[in-house]
Amino acid sequence: MITDERIADYIRSLDRGNGPFLDRIERDARREEVPIIRKETSALLKTLVAAGRPKRILEVGTAVGYSALLMCQAMPEDCHITTIEKFPPRIAAAREHFREAGEEGRITLLEGDAEEFLRTLKGPFDFVFMDAAKGQYIHWLPMILELMPVGGILLSDNVLQDGDIIQSRFAVERRDRTIHKRMREYLRALTGNDRLQTSVLPVGDGAAVSVKIR
Ligand SMILES: C[S@@+](CC[C@H](N)C(=O)[O-])C[C@H]1O[C@@H](n2cnc3c(N)ncnc32)[C@H](O)[C@@H]1O
C-alpha cells in the first residue's frame, strides 16, 4: 500500500463497478489469484482511454481479458485492441470472456511471448498499456516507443511494486531485488527520455503515465 489505507478505502468506496459481467470476471480473477489490475488503477486506465480517444490500443499482458474489456467500455466505437498473452490457460479464459462480451471483433489476442510480437508488430498504437513481466519493461521500452505516434499515451502498471522498490536491498528476496532494480531503471528511462513527458503516480501499486511528445 503506497497511500494511506483510509484514503485508499475511501477512494475504493466511490467505485461503482463496471457492470455485472466485468464485476464477475473481476471477482473470479481475484478469488483465483489471477493478477489483474487494481480497482484504483482501473479507473485511471478507463479515464486515460476516454481522454485519449485512441484508434488503436496495444496491451502487453492480457491475463483473462479483464483490463481489455474495461478499455472497451471507455474507447471509441471504432477503436481496436491488440493484446498479448503467453500463458495458455489465461489465453483460453480471455478468448471465452471476449466472446461472451461480444467484443471478439474489436480485440485481437496474440498468443505467445510479447518480445517476439513487439519486434514485428506494425504501429501506430496511440495507447499502450504495459502490464506484463515487470523485469522486461526496460527492454521493451525502445520497441514500444517505435510503435507509438507523437501524442500517444503509455500507461505502465506496477511500477512502484507497492512501494517495495525503495526498500533496502537486504530486505527483499534476490529475485525481487533484480525486478526492483530493473523497475528503477525503467522509471529513470521514462522520466529521463526527452521524447516523453511522464508522471509517476502512487495509484494502486504505482502507475506511470507517459505521453510521447516528439
Ligand atoms: C498483471 S497480468 C495482466 C493483467 C491484465 N492486464 C488485467 O489487468 O486484466 C500480466 C500477464 O502478463 C503475462 N505475461 C508475462 N510476461 C509475458 C510475456 N513475456 N509475453 C506475454 N505475456 C506475458 C502473464 O502471463 C500475465 O497473465
Side-chain angles (χ1 to χ4, degrees), residues 12 15 17-19 21-49 54 57-75 81-101 103 106-121 125 127-144 147 153-162 164-165 175-176 178-180 182-183 186 201 203-209:
R12 276 189 218 115
D15 185 272
N18 294 289
F21 179 64
L22 275 189
D23 288 351
R24 173 172 65 77
I25 297 179
E26 182 189 7
R27 260 194 320 274
D28 292 351
R30 297 209 194 283
R31 193 186 55 240
E32 288 157 25
E33 299 186 358
V34 177
I36 58 165
I37 190 168
R38 299 211 185 166
K39 272 196 189 302
E40 309 87 294
T41 323
S42 304
L44 176 67
L45 174 67
K46 286 177 77 172
T47 305
L48 288 173
V49 167
I57 294 176
L58 174 64
E59 176 181 63
V60 188
T62 318
V64 295
Y66 177 66
S67 52
L69 290 171
L70 280 178
M71 291 192 277
C72 284
Q73 292 186 339
M75 71 194 197
I81 300 177
T82 299
T83 181
I84 310 173
E85 175 57 54
K86 69 173 183 183
F87 188 38
R90 292 191 185 149
I91 291 169
R95 285 208 184 284
E96 181 58 20
H97 291 148
F98 297 157
R99 193 190 58 73
E100 283 181 74
E103 293 288 8
R106 294 204 296 170
I107 304 176
T108 301
L109 174 52
L110 301 177
E111 304 181 10
D113 190 73
E115 186 153 338
E116 307 286 314
F117 289 114
L118 291 175
R119 287 185 194 289
T120 51
L121 269 175
F125 290 97
F127 189 94
V128 178
F129 181 38
M130 185 92 110
D131 193 25
K134 314 307 163 201
Q136 300 307 313
Y137 287 12
I138 183 74
H139 301 309
W140 295 343
L141 183 61
M143 291 181 271
I144 297 277
L147 292 171
I153 299 171
L154 166 64
L155 174 64
S156 311
D157 198 9
N158 316 109
V159 294
L160 297 176
Q161 303 277 293
D162 259 335
D164 288 350
I165 67 162
R175 182 178 165 274
D176 290 342
T178 307
I179 291 176
H180 296 169
R182 290 197 186 160
M183 197 51 92
Y186 180 64
L201 306 170
V203 174
D205 64 348
V209 182

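All ligand and atom numbering here is 1-based and tracks the order in the structure. The basis for the numbers below is simple: all heavy atoms, side chains too, and nothing from hydrogens, waters or symmetry mates.
For ligand 1, one of its N or O atoms has an N or O atom of Ala114 under 3.5 Å away. By the 3.5 Å distance cut-off applied to N or O atoms, Asp131 is counted among the residues near ligand 1. Backbone and side-chain nitrogen or oxygen atoms of Ala132 are examined, and none is located within less than 3.5 angstrom of a nitrogen or oxygen of ligand 1.
Judged purely by atom type and a 3.5 angstrom limit, Lys134 uses its side chain to pair as donor or acceptor with the backbone of Ala132. For Arg106 (side chain) and Cys72 (main-chain N/O), a donor-acceptor pair under 3.5 Å exists by modelled atom type. Under a 3.5 Å cut-off, the side chain of Gln73 and the backbone N or O of Asn18 do form a donor-acceptor pair. A donor-acceptor contact shorter than 3.5 Å links the side chain of Glu85 to the backbone of Ala63. A donor-acceptor pair under 3.5 Å is formed between the side chain of Arg95 and the backbone N or O of Leu109. In this structure a side-chain-to-backbone donor-acceptor pair under 3.5 Å is present from Gln161 to Asn158.
Taking a 4.0 Å cut-off on heavy atoms, Glu115 fails to register as neighbouring ligand 1. Using a non-hydrogen distance threshold of 4.0 Å, Leu70 does not register as a contact of ligand 1. Residue contact annotation: Gln136 has no non-hydrogen atom under 4.0 Å from ligand 1.
At a heavy-atom distance under 4.0 Å, no atom of Asp157 approaches ligand 1. Both the backbone and the side chain of Lys86 come within 4.0 Å of ligand 1, judged by heavy-atom distances. Looking at Phe117 against ligand 1, nothing comes within 4.0 Å, counting heavy atoms.
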Please test Phe125 against Ile144 for side chain to side chain contact (heavy atoms under 4.5 Å, CB included), starting from the C-alpha separation and ending with a verdict. CA-CA 9 Å; Phe125 290 97; Ile144 297 277; over 6 Å; no

Just do the salt bridge (Lys or Arg N to Asp or Glu O under 4.0 Å) check on Arg31 and Asp28 with the steps written out, would you? CA-CA 5 Å; Arg31 193 186 55 240; Asp28 292 351; 3.3 Å; yes

I would like to know whether Thr62 and Ile91 meet side chain to side chain contact (heavy atoms under 4.5 Å, CB included); could you show each step before the answer? CA-CA 8 Å; Thr62 318; Ile91 291 169; over 6 Å; no

Could you walk me through whether Leu121 and Leu110 pass the side chain to side chain contact (heavy atoms under 4.5 Å, CB included) check? CA-CA 10 Å; Leu121 269 175; Leu110 301 177; 4.0 Å; yes

Checking salt bridge (Lys or Arg N to Asp or Glu O under 4.0 Å) for the pair Arg27/Asp23: CA distance, chi angles, key distance, verdict? CA-CA 6 Å; Arg27 260 194 320 274; Asp23 288 351; 5.6 Å; no

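Applying the 4.0 Å criterion to heavy atoms of Gly112 picks out, from ligand 1, the atoms 20 (N), 21 (C). Near Ala63, with a cut-off below 4.0 Å to any heavy atom, the atoms of ligand 1 are 3 (C), 4 (C), 5 (C), 27 (O). Listed by atom number, the atoms of ligand 1 under 4.0 Å from Glu59 heavy atoms are 6 (N). Every atom of ligand 1 with a heavy atom of Phe87 under 4.0 Å away is listed here by number and element: 25 (O). The contact set between ligand 1 and Tyr66, taken as ligand atoms under 4.0 Å from a residue heavy atom, comprises 9 (O). Using a 4.0 Å cut-off to heavy atoms of Ser67, the atoms of ligand 1 that qualify are 5 (C), 6 (N), 7 (C), 8 (O), 9 (O). Listed by number with element, the atoms of ligand 1 under 4.0 Å from a non-hydrogen atom of Thr62 are 5 (C), 9 (O).
Distance from atom 8 (O) of ligand 1 to its nearest protein heavy atom, with residue and atom name: Ile37 N, 2.8 Å. Among all protein heavy atoms, the one lying closest to atom 25 (O) of ligand 1 is Glu85 OE2, 2.6 Å. For atom 19 (N) of ligand 1, the closest non-hydrogen atom of the protein is Asp113 OD1, 2.9 Å. The protein heavy atom nearest to atom 1 (C) of ligand 1 is Pro35 O, 2.9 Å. Nearest to atom 26 (C) of ligand 1 among the protein's heavy atoms is Arg90 NH1, 3.3 Å. In terms of protein heavy-atom proximity, atom 15 (C) of ligand 1 is closest to Ala133 N, 3.6 Å. Atom 12 (O) of ligand 1 has Gly61 CA, 3.4 Å as its closest protein atom, hydrogens excluded (heavy atom only).
Counted within 6.0 Å of CD on Glu32, heavy atoms from surrounding residues, nucleotides or ligands total more than 12; the atom is thus considered enclosed.
Here the shortest heavy-atom pairing between Asp131 and Tyr137 reads CA-OH, 3.4 Å.
A donor and an acceptor atom, one from each side chain of Ser156 and Tyr186, are located under 3.5 Å apart.
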